[in-house]
Asker: 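Below you will find the structure I want to go over with you.
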Amino acid sequence: KTRNEMINNIQCFAFYFVVFALIQIFVLNNIHFLRIATPFLYLYFILKLPVGTSRSLVVFFSFLMGLVIDLFANTPRMHAAACTLVGFLRAPLINVMMGNELPEGVYPSFKVFGYGGFFRFSLFITILHHVALFSIESLTFFDPLFMLLRIVASAALTVLVIFIVEAFNIESHRIDG
């Protein structure tokens, strides 16, 4: 890649980081559908990091996103821990789900993974994140059915919002070449 492309990618991801963090902090953290489900759109930032990005960078940016959310949501290190776990497991999950044939630098999307592949990838990352987050939040399995309901409802809402954003993401539909 040329220097200009690299700078452009860094600027684009910095923009996405800020936008998704702000949307989560000021809009989505205030949505509690039926007092059970909250969408966590900031996961989209972690999902969309390029395939082949070093694991340490993915973990770092995942942790940083979680930390920013924690600072504004008054949830000390809960989102940071859940995001760090997801960032750590992201690359092996891509390899298991999509194989090693993906070229480095492609962005997970409908176009690259296919609709079913992107759905499975998004759902698995979201469920991992939500299980970690809600387990840390409750620090108990006292009411496992309620926790399971929160995980399933929030995961469904999160994946729905991610799919809506992905459907409107022009970069995911652009034909290279």
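A quick note: this is a predicted structure, and the numbers were derived from the prediction, not measured.
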Asker: Side-chain heavy atoms under 4.5 angstrom apart, residues restricted to Ile, Leu, Val, Met, Phe, Trp, Tyr: same cluster for Met97 and Val58?
Answerer: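 As far as the 4.5 Å side-chain criterion goes, Val58 and Met97 are connected within one cluster.
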
Asker: Could you grab the distance from atom CD1 of Ile162 to atom CD1 of Ile125, nearest 0.5 Å is fine?
Answerer: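 Between atom CD1 of Ile162 and atom CD1 of Ile125 there are 9.5 Å.
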
Asker: Which value, rounded to the nearest 0.5 Å, describes the distance between Ser109 atom OG and Leu47 atom CG?
Answerer: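 One gets 11.5 Å once the value is rounded to the nearest 0.5 Å.
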
Asker: How many angstroms lie between CG in Leu64 and CD1 in Ile69, if you round to the nearest 0.5 Å?
Answerer: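 CD1 of Ile69 is found 10.0 Å from CG of Leu64.
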
Asker: Under 4.5 Å between any side-chain heavy atoms of Met147 and Asp143, yes or no?
Answerer: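 Met147 does not reach Asp143 side chain to side chain.
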
Asker: Using the rule that two of Ile, Leu, Val, Met, Phe, Trp, Tyr join whenever any of their side-chain heavy atoms come within less than 4.5 Å, decide whether Leu157 and Leu148 are in one cluster.
Answerer: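 Looking at the clustering, Leu148 is in a separate group from Leu157.
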
Asker: Between Phe110 and Phe163, does the ring centroid distance fall short of 6.0 Å?
Answerer: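 Phe110 vs Phe163: aromatic centres under 6.0 Å.
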
Asker: Is any side-chain heavy atom of Pro39 closer than 4.5 Å to one of Ile31?
Answerer: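 Yes - at least one pair of side-chain heavy atoms lies under 4.5 Å apart.
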
Asker: Supply the atom-to-atom distance Leu133 CG to Thr75 OG1, rounded to the nearest 0.5 angstrom.
Answerer: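 Here the interatomic distance stands at 7.5 Å.
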
Asker: Side chain to side chain contact (heavy atoms under 4.5 Å, CB included) between Lys111 and Val106: does it pass, once the steps are laid out?
Answerer: CA-CA 10 Å; Lys111 178 181 162 191; Val106 298; over 6 Å; no

Asker: Any heavy-atom pair between the side chains of Pro108 and Val51 that's under 4.5 Å?
Answerer: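 Heavy-atom side-chain distance check passes, below 4.5 Å.
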
Asker: Within the structure provided, determine whether Val165 and Leu41 are in side-chain contact (heavy-atom separation under 4.5 Å).
Answerer: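 Result yes, sub-4.5 Å side-chain heavy-atom pair found.
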
Asker: Run the ring-centre check on Phe20 versus Tyr44 and record whether the distance is less than 6.0 Å.
Answerer: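 Yes; Tyr44 has its ring centre under 6.0 Å from that of Phe20.
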
Asker: Do you know the tightest heavy-atom contact between Phe118 and Glu166?
Answerer: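 The pair with the smallest heavy-atom distance is CE2-CG, 3.8 Å.
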
Asker: Write out all pairs satisfying side chain to side chain donor-acceptor pair (under 3.5 Å) with one or both partners inside residues 152-161, taking only residues at least two apart or from two chains.
Answerer: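 Qualifying pairs, neighbours excluded: His130-Thr158.
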
Asker: Indicate yes or no for a side-chain donor-acceptor contact from Arg90 to the backbone of Ile46 under 3.5 Å, with no hydrogens or angles considered.
Answerer: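 Yes; judged by distance alone, with no hydrogens or angles, the pair exists.
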
Asker: Would you indicate whether Phe13, at its atom CZ, is surrounded by more than 12 heavy atoms from other residues, nucleotides or ligands within a distance under 6.0 Å?
Answerer: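 Yes - once you tally the heavy atoms of other residues, nucleotides and ligands closer than 6.0 Å, there are more than 12.
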
Asker: Rounded to the nearest 0.5 Å, how far does CG of Asn29 lie from CD1 of Ile23?
Answerer: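 Atom-to-atom, Ile23:CD1 and Asn29:CG are 12.0 Å apart.
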
Asker: Val86 and Val152: same hydrophobic cluster, using ILVMFWY side-chain contacts below 4.5 Å?
Answerer: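 No, it is not one cluster - the side chains of Val86 and Val152 are not joined through contacts under 4.5 Å.
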
Asker: Are Val96 and Ile94 co-members of a hydrophobic cluster defined by side-chain heavy atoms under 4.5 Å apart?
Answerer: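 No, no single cluster joins them.
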
Asker: Considering only heavy atoms from C-beta outward, does the side chain of Glu137 approach that of Arg150 to under 4.5 Å?
Answerer: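 SC-SC contact between Glu137 and Arg150 confirmed.
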
Asker: Hey, quick one: are Phe40 and Val19 part of the same hydrophobic cluster, counting side-chain heavy atoms closer than 4.5 Å, chains of contacts allowed?
Answerer: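 Both belong to a single hydrophobic cluster.
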
Asker: Show every donor-acceptor pair shorter than 3.5 Å between a side-chain atom in residues 76-84 and any protein atom, with sequence neighbours excluded, or say none if there are none.
Answerer:
unit_1, atom_1, unit_2, atom_2, d
His79, ND1, Tyr42, OH, 2.6
Thr84, OG1, Ala80, O, 2.6

Asker: Could you please spell out the steps behind the side chain to side chain contact (heavy atoms under 4.5 Å, CB included) verdict for Leu89 and Phe124?
Answerer: CA-CA 10 Å; Leu89 295 175; Phe124 203 88; over 6 Å; no

Asker: Could you walk me through whether Val112 and Leu102 pass the side chain to side chain contact (heavy atoms under 4.5 Å, CB included) check?
Answerer: CA-CA 8 Å; Val112 174; Leu102 291 174; 3.8 Å; yes

Asker: Determine whether the aromatic ring centres of residues Tyr16 and Phe45 are separated by less than 6.0 angstrom.
Answerer: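 No, ring centres 6.0 Å or more apart.
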
Asker: Test your reading of the model: is there a side-chain donor-acceptor pair from Asn30 to the backbone of Phe26, 3.5 Å cut-off?
Answerer: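 Pair found, side chain donor or acceptor close to backbone of Phe26.
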
Asker: Any side-chain heavy atom of Leu93 within less than 4.5 Å of one from Phe121?
Answerer: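 They are in contact (side-chain heavy atoms under 4.5 Å apart), so the answer is yes.
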
Asker: When rounded to the nearest 0.5 angstrom, what is the spacing between CZ in Phe146 and CZ in Phe134?
Answerer: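 Phe146 atom CZ to Phe134 atom CZ measures 9.0 Å (nearest 0.5 Å).
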
Asker: Of all heavy-atom pairs between Gly117 and Met98, which one has the smallest distance, and what is that distance?
Answerer: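 Looks like CA-SD, 4.4 Å.
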
Asker: Should Val68 and Gln24 count as side-chain neighbours, where that means a heavy-atom distance under 4.5 Å?
Answerer: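 Result no, sub-4.5 Å side-chain heavy-atom pair not found.
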
Asker: Verify, without hydrogens or angle tests, whether Glu104 (side chain) and Pro50 (backbone) share a donor-acceptor contact under 3.5 angstrom.
Answerer: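 It does not hold such a pair.
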
